[in-house]
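Proteins come first, then strands; the chains are lettered A, B, ... in the order of their sequence lines, and each starts at number 1.
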Amino acid sequence: MAHDWQPDFEQLVDEHQSMVFSLAWRMTGDRGLAEEIAQDVFLEFDRHLGKIESAAHACFWLRRVTMSRSADALRRRVVRGLDLWVEMEEHHGMQLEPRVSPLGSRLEGLLATLPESQRAALVLRYQEDLTPEEIAATLQAPVATVKSNLQRGLKLLRAKAANHLKEYIRGEEYAREG
Amino acid sequence: MKVEPMEEFEQELRQAFERRPAPSSLKQRLMKSRRVHQPRSHVSRWQRLAAAILLTAVLGGGLVWRNREEQRKGEAARQQVLTALRITNRALNQMNTQLAAHGRAQRQGD
């Protein structure tokens, strides 16, 4: 089908690199791997540029392929026998940013301990602000599954955050008493 | 208005999950890699196209040649058969003439 949209690759990279990189980083928990994934995704995007019909299509395509590539990378690492969860927690733990509250920065670390499907749903919901229907289209999954993953992931993350907060307060009190 | 704990938690999540800026090296590496790969991919596309055309031409030419060769051989075989038939016909005619002459000579002798 003919379309009038004239894409400028460099401009699209400027516009979407932060989205692609952040999605890959939050899904894999590894900054280096996220950069590799982002580069691969954009190079593939360049090859498919002729089939992209609009700016919205470009954004959707980039999100979908980034999530799929990140999932592939995670699976490859599991096959290679790495202790992914410990490694991801360590990576997230090292990358705390001062602009985020202590709980906020810890949430990213706790996100890494969630199952992949729940993590994917939460990242698309709270980083990209997508609706469950949009998440379902991006992940090519049923809407009901996405809604269930969102609910379960949110509940699990909240419970982990509450535990973490209790430990943090206990630690503070212990330090004051000591 | 009182904020529900879950809403508050979701708000916290939105803040924690803000997009992070991509490293500046990402775009640089990307553009460099694109420059390196782009001309080669164009050349290889043309090469693939040329190879496909050449292969089609060679195969097509081969088929036409084989067809013509088969026709030529068929025609040669037909000519050989016709020649053989002509020779046989002539031999039979000669044999007939000789037999007739022999018959006449025998009758005159009697």
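- Transitive grouping of hydrophobic side chains (ILVMFWY, heavy atoms separated by less than 4.5 Å) keeps F60(A) and M67(A) in distinct clusters.
- With a threshold of 4.5 angstrom between heavy atoms, L157(A) approaches chain B through its backbone and through its side chain.
- Sorted by first then second residue, the salt bridge (charged side-chain N to carboxylate O under 4.0 Å, His left out) pairs that include residues 51-70 of chain B, not counting sequence neighbours, are E69(B)-R72(B).
- With rounding to the nearest 0.5 Å, the separation of CG in L43(A) from CZ in R34(B) is 9.0 Å.
- Counting heavy atoms from C-beta on, the side chains of R19(B) and L23(A) never come closer than 4.5 Å.
- Salt-bridge check for E10(B) with R125(A): failed, with every basic side-chain N at 4.0 Å or more from each acidic carboxylate O.
- When the candidates A38(A), A34(A), S18(A) are compared by the number of heavy-atom contacts under 4.5 Å with chain B, S18(A) comes out ahead.
- Using a 4.5 Å heavy-atom cutoff, the side chains of Q39(A) and R29(B) are in contact.
- In this structure, the side chains of L154(A) and L13(B) come closer than 4.5 Å at one or more pairs of heavy atoms.
- Screening residues 73-90 of chain B for salt bridge (charged side-chain N to carboxylate O under 4.0 Å, His left out), with sequence neighbours left out, gives E75(B)-R78(B).
- Within the 4.5 Å cutoff, side-chain heavy atoms of F9(A) are placed close to those of M31(B).
- Linking Ile, Leu, Val, Met, Phe, Trp and Tyr whenever their side-chain heavy atoms come within less than 4.5 Å leaves L54(B) and L49(B) in two separate clusters.
- When every heavy atom of E35(A) is checked against every heavy atom of L26(B), the shortest pair comes out as O-CD1, 3.7 Å.
- L49(A) and V13(A) fall within a single hydrophobic cluster, where Ile, Leu, Val, Met, Phe, Trp and Tyr are joined by side-chain heavy atoms under 4.5 Å apart, directly or via other members.
- Between A22(B) and F21(A) the shortest heavy-atom distance is CA-CD2, 3.7 Å.
- The nearest pair of heavy atoms linking F9(B) to A161(A) is CE1-CB, 4.0 Å.
- With hydrogens and angles ignored, the 3.5 Å screen pairs a side-chain donor or acceptor of S22(A) with a backbone N or O of R20(B).
- Residues W5(A) and F42(A) fall within the same hydrophobic cluster, defined by Ile, Leu, Val, Met, Phe, Trp and Tyr side chains chained together at heavy-atom separations under 4.5 Å.
- Of the atoms belonging to Y126(A), heavy atoms from both backbone and side chain fall under 4.5 Å from chain B.
- The shortest distance between side-chain heavy atoms of P21(B) and Q17(A) does not fall below 4.5 Å.
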